[in-house]
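The next block holds one structure in the form of structure tokens; read it before the comments.
As the structure is a computational prediction, the values presented were derived from the model and not from experiment.
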Amino acid sequence: MESNSEGSVRYDRWNEDNITMNVEGSQTTRMRLYNRFCVGSTGIMVKTAGALAALASIYIIGYVTGYYIHRCP
């Protein structure tokens, strides 16, 4: 079986310990980025940082809005 840049599986039926899978070539760039940044411990850190950034931006927007609504004329 020839190896190429696309996804391939090499299987030797007499030796089950010698199974080689190349999944990296068959995945799109979008799926590779998703698997890298949204799954596992890195994904948890990215989601936590995103949630904190969203919380901080909502707090700042609320603070600025409240300042302009409640200031004395």
Side-chain angles (χ1 to χ4, degrees):
M1 181 178 271
E2 295 180 23
S3 66
N4 52 15
S5 62
E6 296 181 13
S8 62
V9 176
R10 290 191 64 196
Y11 176 71
D12 183 5
R13 69 180 187 164
W14 301 111
N15 185 4
E16 292 187 8
D17 294 331
N18 191 16
I19 299 174
T20 306
M21 296 182 72
N22 181 12
V23 181
E24 195 70 28
S26 65
Q27 290 183 337
T28 62
T29 304
R30 182 177 175 192
M31 285 305 296
R32 277 183 275 172
L33 289 174
Y34 173 80
N35 287 336
R36 179 173 291 169
F37 293 117
C38 298
V39 178
S41 60
T42 305
I44 292 172
M45 290 189 309
V46 169
K47 290 174 187 175
T48 303
L52 288 175
L55 187 66
S57 63
I58 290 172
Y59 176 79
I60 291 169
I61 290 170
Y63 181 82
V64 170
T65 304
Y67 173 78
Y68 283 111
I69 290 174
H70 297 293
R71 70 177 179 170
C72 296

Let me check something: any side-chain donor-acceptor pairs from residues 50-64 under 3.5 Å, sequence neighbours excluded? List them with distances.
{"from": "Ser57", "atom 1": "OG", "to": "Ala53", "atom 2": "O", "distance (Å)": "3.3"}
{"from": "Ser57", "atom 1": "OG", "to": "Ala54", "atom 2": "O", "distance (Å)": "2.8"}

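Qualifying side-chain contact (heavy atoms from CB on, under 4.5 Å) partners for Thr29, counting only residues two or more places apart in sequence or in other chains: Arg32, Leu33. Every residue two or more places apart in sequence or in another chain that forms a side-chain contact (heavy atoms from CB on, under 4.5 Å) with Ile44 is listed here: Thr48.
Separating the NE2 atom in His70 from the OG1 atom in Thr65 is a distance of 9.5 Å, to the nearest 0.5 Å. Note that the CE atom of Met45 and the CZ atom of Phe37 stand 10.0 Å from one another [nearest 0.5 Å].
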